[in-house]
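Written below as structure tokens is the structure these notes are about.
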Amino acid sequence: MSETHDEKAPSEGMAGPTNNQDFGLVGKGAGFIPTGDANAMPEGGSQGKRDGRGRRFVVRTLVPLLVLAAILGGGYFWWSHLRPVQVTVNGTLQRVTVGTTIDQLKSDEGIQTAPGNYVSVSGNILAEGEGYPYSVIVNDKDMDYDEASAYKVSGGERISVGDGKDRMEPYTTETVNQPPRLLMDGNVGAINYISQWGATTVKDVLTGQESGEQADGTVYQQGQDCVITVKDVKPTGSQKLVALTFDDGPSRYTGQYLQILKDKGVKATFFCLGNEVDANPDGAKAIVDAGCQICSHSYDHPDLRTSDAQTVLDQLRSSFSSIEGATGVKTTAFRPPYGSFTQRTWLSTQGAATVAVRWDIDTEDWKQPGADQIVSNACADVHSGSIILMHDGGGNRDQDVEALPQIIDTLKSQGYTFVTIDELMASDSSIPKEVASGNYPMPADAVWPTELGDA
Ligand code: NI
């Protein structure tokens, strides 16, 4: 049955679907092959039919597909490699082939560029003209040289080709913690105070492998130097303010001074020695009870400028502690003995003190020149913001006790108001409020400097 059917099958012009169906049956040897008959002829005939149908398949289906693929492939090649596109090069619209490189563009358009230099980490020239040959910006994006040299024009972009950038030598990187330095802002003035606390900078330091030079790299944490401002107090506006100050007490004269001040209705500031406060805590307490200001004058009056760092710190801390113990007043303000205090002495304080108060008017009362001379010395050169130096302890003060009422009367008659040092500082808007308070401990997040710097 199947044999007969197969022999009829190879007629030309059979309809596709039937053809396909038969082709399928033969291929599987349906109903015939399993018999294993050696005389079976139809097999060869079946092969012939397959070839004929395969040829038609190739001609009618595959060839057109291949032609189409060739056309599409060629089109794709043209589109991606040969298509002309427009780009703006250094401000001028240009027609170029897609995929053009920057090097080709430079050569085709005759763009001249000067190369950068080969430089050290700190920017010194190691070899002139041995930097990058050109620089490229595409649509406002600054490309590095590797990116630029591999760039291919895609069409529609804006390209700027310019002079080459410098190329840096190879370097090693180390992340370092840089402590703050201590700087002085100004060098003449009655008041020294911490106007800026220090903070550590964390940054990369680059070391050039060729030059050996070092330069800053990435900054991870921007620190700042500690700054001591030196200036005279300048009360704002037209107010006439003056501060009377008494050193080296408390002493047996303290009570007399306080009585005069009370009688005249004025306040003053007492820079006391820690050892005198310890010996006479009631005298220290009386100063505070009278509404006057108490500050440190060191513990036992050494020249701090020539003292070692630990002594400076001990003198400040122990005197602040004595004052607090006797009066309950916390202060970080002091007057250095002899006014002797330098940038290096500040470094030794570890932030224990925040304002050093000197004077601009010296009565020279310690010379005991006579009460009239002390009055004259006190009043002659006074101006608003003046700090007048007198003494409480350290010797006979009879002349001061005699001079004080006259000083107060004279300056009052000139329109002056007597204020304490913290009030005087508060009258100058350039002095931070914390400093003017007279008690400004170092903030927990501040870092004390370890070395000096130049402002
Ligand atoms: Ni003194």
Side-chain angles (χ1 to χ4, degrees), residues 189-193 230 233 242-258 261 268-281 283-284 286-288 292-308 311-324 326-327 329 331-342 345-346 348-349 352-369 373-374 377-378 386-401 403-404 407 420-422 424 438:
I191 303 268
N192 291 202
Y193 60 89
V230 182
V233 181
V242 64
L244 284 169
T245 64
F246 299 92
D247 287 8
D248 304 339
S251 77
R252 59 196 171 94
Y253 295 95
T254 307
Q256 295 180 66
Y257 288 134
L258 292 176
L261 295 170
T269 301
F270 290 76
F271 291 94
C272 294
L273 292 167
N275 61 354
E276 297 297 345
V277 172
D278 287 348
N280 183 8
I287 291 168
V288 175
C292 290
Q293 186 178 359
I294 188 166
C295 302
S296 163
H297 188 45
S298 82
Y299 190 80
D300 57 11
H301 216 277
D303 185 340
L304 296 173
R305 186 169 55 95
T306 55
S307 302
D308 61 54
T311 301
V312 171
L313 186 54
D314 289 347
Q315 287 281 328
L316 290 168
R317 282 185 174 159
S318 60
S319 57
F320 291 145
S321 169
S322 294
I323 289 168
E324 186 179 357
T327 67
V329 172
T331 181
T332 57
F334 76 108
R335 170 172 284 162
Y338 318 104
S340 180
F341 215 76
T342 64
T345 325
W346 268 109
S348 303
T349 65
T354 46
V355 55
V357 181
R358 289 194 178 91
W359 57 88
D360 63 288
I361 305 288
D362 187 351
T363 60
E364 299 191 337
D365 58 342
W366 55 275
K367 289 181 179 172
Q368 301 195 33
Q373 187 62 49
I374 292 174
N377 290 345
S386 280
I387 299 170
I388 299 172
L389 171 65
M390 299 180 74
H391 288 84
D392 179 4
N396 185 301
R397 299 300 174 215
D398 290 342
Q399 292 182 5
D400 289 272
V401 171
L404 183 57
I407 293 170
T420 55
I421 289 296
D422 53 7
L424 190 69

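Values reported hereafter were calculated over all heavy atoms of this structure, with side chains retained and with hydrogens, waters and symmetry mates removed. As the structure lists them, so they are numbered: ligands from 1, and atoms in each ligand from 1.
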Notebook entry, point to check: Any side-chain heavy-atom pair from Phe246 and Arg397 closer than 4.5 angstrom?
Noted result: no
Check: In His297, which N, O or S atom comes closest to the Ni ion (ligand 1)?
Finding: NE2
Check: Hey, are the side chains of Trp346 and Asn192 touching, using non-hydrogen atoms and a 4.5 Å cut-off?
Finding: yes
Item checked: Flag for Thr342-Thr345: side-chain donor and acceptor within less than 3.5 Å -> yes
Note to self: Between Gln293 (side chain only) and Asp422 (backbone N and O only), is there a donor and an acceptor less than 3.5 Å apart?
What the structure shows: yes
Next item on the list: Looking only at N, O or S atoms, find the one in His301 nearest to the Ni ion (ligand 1) and name it.
Entry: NE2
Check: What N/O/S atom of Asp248 gets nearest to the Ni ion (ligand 1)?
Finding: OD1
